[in-house]
Amino acid sequence: MFKNSTGKLLAYLALPFLLATGCVKEKKTETQTTTTTKAAAAPPSDEIVIGAVFPMTGAIATYGQESVNGIKMALDKINAEGKLTKKIRLIVEDNKGEPVDSSNAVRKLINIDNVHAIIGSVASSNTLAGAPIAQENQVPMMTPASTNEKVTETGDFISRTCFTDNFQGVVMAKFAKETLGKSKAIIIVDNSSDYSKGLAKVFSEEFKNMGGELLGNINEYTYTQKDTDFRSLLQKVKRTNPDVIFLPGYYTEVGLMLKQARQLGINVPFLGGDGWDSPKLQELAGPEAIKGNYISSHFSADDKDPQVQKFVQEYETNFKQKPGAMAALGYDGMLVMADALSRAGELSRENIKKAITATANFTGITGNITIDANRNAKKSAVVLETTPTGMVFKQKVNP
Amino acid sequence: MTTPILETQALTMRFGGLVAVNNFSMQMGDTDLVGVIGPNGAGKTTIFNMITGIYEPTEGDVRLSGKSLVGEQVALITQKGIARTFQNIRLFKDLTVLDNIRLAGHSRMKYGLIANILRTKKFHEEESRLKEEAIKLLKIFKLENKMDHLAKNLPYGEQRKLEIARALATKPKVLLLDEPAAGMNPNETADLTKLIKWVRDEFQIAILLIEHDMRLVMEVCERIYVVDHGELIAHGNPSEIQNNPKVIEAYLGAQSEEGEQ
Amino acid sequence: MDYLAHLTLNTGIFIILAVSLNLINGICGQFSLGHAGFWAVGAYTGAAYGVFLAPEALPDFINLFISCGIGFVVAALSGLLIGVPCLRLRGDYLAIATLGFGEIIRILIMNMDVVGGPRGFTNIPNWSNLFWVYFWVVITIVFCANLLRGTHGRAIISIREDEIAADSMGIYTFKYKTLAFVIGAGFAGLAGSLFAHAQQFLHPNGFTFMWSVIILLMIILGGLGSITGAIVGAVILTILPEMLRFMGETVSQWRMVIYSILLICLMLWRPSGIFGKHEFNILKFFKKDEEATS
Amino acid sequence: MSENVTYFFYDLFQYLVNGLAQGSIYALIALGYTMVYGIIKLINFAHGEFYMIGAFIGFYCLVSGMPLWMAFPAAMIGAGLVAVLVEKIVYRPIRHAGRIPALITALGTSLLFQYLGQGVIGADPKAFPSAIAEKTYMLGEVIITRTQIIIMVVTFALMVILYWLVNHTKTGKAMRATSFNMNAAELMGINTNKIISFTFFIGAALAGAAGVLVGMYYNTAEPMMGLIPGLKAFIAAVLGGIGIIPGAVIGGLVLGVAENLVVGFWISTYRDAIAFAILILILLIKPAGILGKNRKEKV
């Protein structure tokens, strides 16, 4: 059917490509015979190389930068104490807050820098993009901040040192029903963020189990990241006159919504998750609107514990602003990693993975950390009250 | 008179309030060579655009061998047998002379997309047939040695010849020429006059010509319609038109009235 | 799959995307800014087949074949759905309309929880490998190259040259504009399902309007209207950002600034791109040879 | 039953107020699109970024203690000058190359400002200092804040000035002439290049004003803020009739109100999708927009 002209064209174009893929294919098939997961090249033995995947640019850049600040502070502490035999070299890769860049960054850290282990990332959707690759190459990946359940379900090499949405959602639902005695709640969800949807689902189930009433269904009152005008949405919310509003979003949108809500005369308390916890929140919402709201978070800068205060001072001297939850989580994450490295004995990735999973009541500044069977951290959360001067410690809730 | 190859009945075109063409009727036999003349803005090109389907007439009808063309797509009208050239030459500038001609034969090609991709036997047969036809046509117009030149690189006169050749490549029944002599010097116009007559005899088709160059029109056309402000003011053979008072008045303005005072 | 193989695979996927966008923008002259939308449609439908419908019994490469087929067909249909209304528009209006549709597709996917919505679509089976990606790369190139050297291809080119003249030559320009749009969208869909089965994870924000601009930049860099140009443009702009990653943190932070400067400079000093309209001499050498035989 | 009805009307008025405030901002930006398109038939993708630049100039002026009545004009002039610079360096050389190269260059400039802003100023949103004490007024149940009133008043004032400038001044006449037929205008001795940069200046100044007003209204500014409002303002310009100045105003207000009604009475997830759907519908049904006349393409 092909006249000679097409055959020739096909040969001309196909030859170089098939050759290139041919040789690569050999390498592939022999690796494919082993289980689909195969270990990447072994890490260097002369030093410990840790990869860090965080959003240094893009929409949630402040979270990435804060986390890396915390990690670097922890690194200075570890190297100063010299508990580990070898020095830790940290390689930070920017994933720009994008899932595609996260998987590229993880692949690069494994194949080019062949790191011992990876810390990162912040947003669950980014961690979910990188985790399958770390799992496939059997490289331990620990996220200090992604709270979505699915992250650690990817595989046994993926762990986290923060609590999960389930725990955080339950904490806030209990707080709303029991401590504040509220009964008519409404949920405003950022439908472009899985963190927000995950928390909303858990809160609504828990709140209903405890006899509370949820006004409207879960995705009736929604907004998207980068929105700035919430007045009409809040007008609709006001019309249902709830006595408490659960708003599991990030501080960038939450700040504006609080201000606009107060202007519309909604004086009911807002509840939120750790996504609120940033010094920027007070600036965006302004002094009047910030009063009288509560959030669950990992860490409170004014926690009287001396270790925490030392961290807060140190952070303020280094970075000239108070640390948010992300800084604290990065700090603790690195310390847990270092602790696991010291317990791992011979530094193979398998041992490091086992050591991380065996972490038990490690006292960090974000509370005491125990990693359970499915590699989530059983951690206490703190409930904070938002005030014009910052987050005020309200109550600690243990798992 | 047998059914005319091309006929318009009370053709009218209104753009909002402006009446560009009002009640224009004409007929053409199978091999007639007819001209349409008139001062600038008289509506000649609008008549052309209505015949070729680019504008849909507000009123009136256009019939090709008795069948109405109003409302048809431009491409279908061309396939039915009306080909045209443009006032400002619209060749496919970045394509070769050969490709320009081959494109005109596109609608008669008999192989589908899949055959085009897989380059089947049918594809090769059709392509070589198309190519031979194209080269034959180019030979007639003495352009075959410039086959691989890009259309934009040809001199002006040859571009005009290529445009006519391309129109003929659609195997039309009627050829519409929109001011073919525009921008030509006297001897180029002379060649063109010979070419138009020769094309009509060689291809046995009707030719409808819009032109300003009176010498060309009077020399070439057997019958002439004169249009002014969208109205048909005269129709007849060249000599009748030359000394028809209304035509002179339309062209030379009100001079003849002053003459009478 | 290690980093370099994955990069080569990604390059192949972007070659298909660039060549298919070149068919719409470069060859047919219809300016589309919604190509990432079709890429997303193909990726998500292919992945949906992979995760929900694929029978375990079938060997991987057959499943991949089916997934690519579904990706192609569904994207081509959405190309038809979007093309028919939009292709009546000209130039910059068409660009904005296709941009609008690209965003609408992304927002719809964001709101579809069955495919993971904002959480992203996880554990998509890992079927893509270098061989099959480059198998489709060759098919896409041969498809476009052969198309252009036949009457249907010439009809598509004539629309870019002069649409009114093409109409007057008896070519149904609207039909061929739609054909080019549907084929382009189809191949973008195919690239999408290959991408899904390589990446194993999809997220709506991975298909923003920005990616349509990047694919556009590839064909402009290579030369609008030249298949070889599209290939070269795709290779450069897939490998360049990864190289920037090695030049340390700060440089890769400025990646997009470098892209935008590149875009402006190209338009100011080299609007015809590296290859302009003509092809690399392999095809030309080949063409001369063909002239002689037939 | 009557209670729901009154609630309905209160809500409706509240959405209208929100819509008019947001619509005024779209209108201010849309004016820039329409004027530039009217003059050189260019869809200025980078126009959204002039809005962002204006917002940041206003931000840095206010932060450095400058009062609002000084920061506002400073932002307008600053954005205007940036636009003149962009027109001279980037758009002028490409103008003869046709609409698509010009569109691509505008796209490149837009990306350049966004990512340059992110690199230099930083990606995190800056809190805009509240330049004036916020006060809310009650109209029955409907709440109008002082900023909303200021936005509408300032927008109206700027449009009156613009209307006067375009229709009752010599430069205005020159602008209209250039937009009708650039070559003819040149023959009449109008320095079209000066007119074009002046148009860019005015368009960007209005966008800069919108930037400061948004800073006050939502008290946030970040380098990527120009993208979505820029696209929405373009939709407003097309809705009203691209190239027609009153059209931009009507288009902006209609789009602002429509969006808020969608959020109010329907689910808000599809708000952006509906804005794009409106654009595509206009382009197909009445490409000339509300005020425009359909012009047949001359052969």
Side-chain angles (χ1 to χ4, degrees), chain A residues 3-6 8-10 12-14 17-18 20-22 24-25 27-28 31-32 36 40-41 56-57 92-94 96-100 102-105 107-108 110-112 124-126 128-133 136-137 148 150 153-154 190-198 219 222 224, chain C residues 1-10 12 107 110-111 113 116-120 122-124 126 129-135 137-139 141-142 145-146 149 195 199-208 211 241-242 245-246 249 252-256 282-283 285-287 289-290 293-294:
Chain A
K3 280 275 285 182
N4 63 15
S5 52
T6 324
K8 194 173 291 179
L9 176 70
L10 208 61
Y12 255 99
L13 285 172
F17 289 119
L18 293 182
T21 56
V24 176
K25 204 155 73 59
K27 200 157 95 33
K28 182 104 189 52
T31 49
Q32 207 134 28
T36 50
M56 308 309 282
T57 60
V92 179
E93 281 298 331
D94 170 23
K96 292 183 257 312
E98 292 273 352
V100 176
S102 303
S103 70
N104 288 344
R107 233 184 265 283
K108 183 246 173 192
I110 293 171
N111 296 119
I112 307 293
S124 299
S125 54
N126 295 342
L128 275 168
I133 296 146
E136 184 189 324
N137 291 287
N148 187 295
K150 273 195 174 296
E153 284 161 16
T154 319
D190 169 357
N191 76 354
S192 62
S193 131
D194 46 284
Y195 158 75
S196 184
K197 282 184 139 182
N219 36 39
T222 63
T224 33
Chain C
M1 184 184 295
D2 68 24
Y3 181 72
L4 284 181
H6 182 75
L7 189 57
T8 339
L9 187 138
N10 261 354
I107 291 166
M110 182 71 88
N111 287 295
D113 282 335
R119 190 174 52 259
T122 47
N123 45 52
I124 300 164
N126 174 11
N129 60 32
L130 269 177
F131 176 76
W132 282 109
V133 167
Y134 277 88
F135 170 80
V137 165
V138 168
I139 295 290
I141 294 169
V142 167
N146 286 356
R149 289 186 294 111
F195 176 73
Q199 198 75 15
Q200 296 177 262
F201 171 81
L202 291 175
H203 193 277
N205 289 347
F207 300 99
T208 57
W211 286 97
E242 292 308 321
R245 190 187 290 282
F246 291 101
E249 260 168 59
S252 72
Q253 237 177 7
W254 296 87
R255 176 175 77 118
M256 283 312 287
I282 250 190
L283 290 179
F285 162 76
F286 183 73
K287 208 184 265 176
D289 169 49
E290 189 226 274
T293 50
S294 64

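In this text, all values refer to a predicted model and were calculated from it rather than measured experimentally. Lettering follows sequence order; numbering is per chain, from 1.
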Is A:Lys197 paired with C:Asp113 through a side-chain N to carboxylate O contact shorter than 4.0 Å?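 Yes, C:Asp113 and A:Lys197 are salt-bridged.
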Take A:Arg107 and A:Asn137 through the test side-chain contact (heavy atoms from CB on, under 4.5 Å) and record every step on the way to the result. CA-CA 9 Å; A:Arg107 233 184 265 283; A:Asn137 291 287; 5.7 Å; no
Measuring heavy-atom distances to chain C, does [X] have an atom under 4.5 Å in its side chain, in its backbone, in both, or in neither?
{"X": "A:Asn191", "value": "both"}
{"X": "A:Ser192", "value": "both"}
{"X": "A:Ile112", "value": "side chain"}

So which atom in A:Ser125 and which in C:Pro118 form the shortest heavy-atom distance, rounded to 0.1 Å?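 Minimum heavy-atom separation between A:Ser125 and C:Pro118: CB-O, 4.1 Å.
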Side chains of C:His6 and A:Asn104: closer than 4.5 Å at any heavy-atom pair?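 Yes, at least one pair of side-chain atoms sits under 4.5 Å.
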Give the member of A:Ser193, A:Ser124, A:Ser196 that has the highest number of heavy-atom pairs under 4.5 Å with chain C.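 Result: the option with the highest number of such pairs is A:Ser193.
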